[in-house]
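Below you'll find the structure, written out as structure tokens, and then a few comments.
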Amino acid sequence: MTQKNQTLGEFIIDNQSSFQYSSGELSKLINAIRLAAKVVNHQVNKAGLVDILGAAGDTNVQGEDQQKLDVFANDKFIQTLRNREIVCGIASEEEDSFITINSNDKKHQNKYVVLIDPLDGSSNVDVNVSVGTIFSIYRRITPVGTPVTLEDFLQPGNKQVAAGYVVYGTSTMLVYTTGDGVNGFTLNPALGTFYLSHPNMQFPETGKIYSVNEGNYVHFHQGVKDYIKYCQQEEGDRPYTSRYIGSLVSDFHRNMIKGGIYMYPKSSVTESGKLRLLYECNPMAFLAEQANGLARGGRNRIMDIQPTELHQRVPFFCGSRKMVEKLQEFLDKYH
Ligand code: AHM
Ligand code: MG
């Protein structure tokens, strides 16, 4: 049941039974992410006070060490998930390798692994532009009772059981899916409570926004260049509008609400693009498909790619269905 103004806590409880593997474990996990998101949100909002509170590496007046925000976010999410003993492993964009969680009483009994990009777009923090957290949840493949292995993390995106993001923007929102549509919750900072503000989010079938770092234009492959020119042509509902924040979560969020396409192609200088399959592309692809959009990595569906390494990068095209299909036509011309 979806009801506007429900709190995220109420929503999680109400919808727990509709989840096919429901045992309460996934609900606890999403609750833990909600909690960590609130703590990170508080810190992100203080980022502009760095001259007053001290820069990264300093010790503040309370004697606390100031951390870089991406390090803080990474520590906070890992600490919260570890303390609540609800996952068997975590992989983070900020860590070289995955972390095995072996709680004393549970001895590798938990079923889920979490993959997380704790603070995506963090280069935007210094200039007061929105950043985000992206998370992705899978059931482990290896048997419970044994330590997790790399295999548990290298699963294709189509095996995700939940994924979502937090956007620390003019409002802070948590948007997630458990495979039954996408719902968005807005934080009321006065109460510290997330409320259901955007039930059943859907990409419009098509849109008028294209988001790409056009500074890299000369390095793009011909199909992408041609599509960008198509977006700029004066014909029918075109030219489209170019909007690029450089913060994937924010660009995606806007495009999902207004209709648009996000592109991070490979180029002659970055053969695999920039974005990480496991921490960025798969969770966004799951959300996109659940919201009636598409996500592709060149010719293939993002969520069908079999990952080969934790920090693998892939080209990424994602957004309104008809726009991604149109782009695909241009890419196909050069194959
Ligand atoms: P990050 O994980 O180092 O923050 O990089 C990911 C970010 C995305 O949020 C954003 O869409 C992209 O990098 C922007 O890259 P560029 O500056 O090359 O356009
Ligand atoms: Mg990132």
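Heads up: numbering here begins at 1 and tracks the sequence. Please read all numbers here as calculations on a predicted model, not as lab measurements. For ligands, and for the atoms within them, numbers begin at 1 and follow the listed sequence.
Near Tyr262, meaning under 4.0 Å from one of its heavy atoms, ligand 1 places the atoms 10 (C), 11 (O). Counting the atoms of ligand 1 from 1 in the order shown, those under 4.0 Å from a heavy atom of Gly246 are 9 (O), 10 (C), 11 (O), 14 (C). For ligand 1, the atoms lying closer than 4.0 Å to a non-hydrogen atom of Glu280 are 2 (O), 6 (C). Shown in contact with Leu248 at under 4.0 Å from a heavy atom are these atoms of ligand 1, numbered in order with element: 8 (C), 9 (O), 10 (C), 11 (O). Applying the 4.0 Å criterion to heavy atoms of Glu93 picks out, from ligand 1, the atoms 2 (O).
Here Ser122 has backbone heavy atoms under 4.0 Å from ligand 1, and that is the only part of it that gets that close.
Ring-centre distance between Tyr165 and Phe252: below the 6.0 Å cut-off. For Tyr210 and Tyr240, the ring centers sit 6.0 Å or farther from each other.
For atom 4 (O) of ligand 1, the closest non-hydrogen atom on the protein side is Gly121 N, 2.7 Å. What sits closest to atom 14 (C) of ligand 1 on the protein, heavy atoms only, is Tyr244 OH, 3.2 Å. Residue, atom and distance of the protein heavy atom nearest to atom 15 (O) of ligand 1 are Lys274 NZ, 3.0 Å. Among protein heavy atoms, atom 1 (P) of ligand 1 sits closest to Asp120 OD1, 3.7 Å.
Minimum interatomic distance between Tyr176 and Ile30 (heavy atoms only, all atoms of both residues): CE1-CD1, 3.5 Å.
In this structure, a donor-acceptor pair under 3.5 Å is absent between the side chains of Arg313 and Thr270. In summary, the side chains of Thr178 and Asn15 do not present any donor paired with an acceptor at a separation below 3.5 Å, with no hydrogens or angles considered. With 3.5 Å as the limit, one finds no donor-acceptor pair spanning the side chains of Asn282 and Ser136. Judged by distance alone, the side chains of Ser267 and Asn216 never bring a donor and an acceptor atom under 3.5 Å apart.
With sequence neighbours excluded, the residues satisfying side-chain hydrogen bond (donor to acceptor under 3.5 Å, both in side chains) with Lys229 are Gln232.
A salt bridge links Glu329 to Lys326: one of the charged nitrogens lies within less than 4.0 Å of a carboxylate oxygen. One finds no salt bridge joining Arg243 and Asp251 here, because no Lys/Arg side-chain nitrogen approaches an Asp/Glu carboxylate oxygen to under 4.0 Å.
When you scan the N, O or S atoms of Asp120 for the one nearest the Mg ion (ligand 2), you land on OD1. Of all N/O/S atoms in Asp117, OD2 sits nearest the Mg ion (ligand 2). For the Mg ion (ligand 2), the nearest N, O or S atom contributed by Glu280 is named OE2. Per residue Glu93, closest N, O or S atom to the Mg ion (ligand 2): atom name OE1.
Proximity of Asp251 to ligand 1 is not established, as no heavy-atom distance is less than 4.0 Å. Residue Tyr264 places a heavy atom under 4.0 Å from ligand 1.
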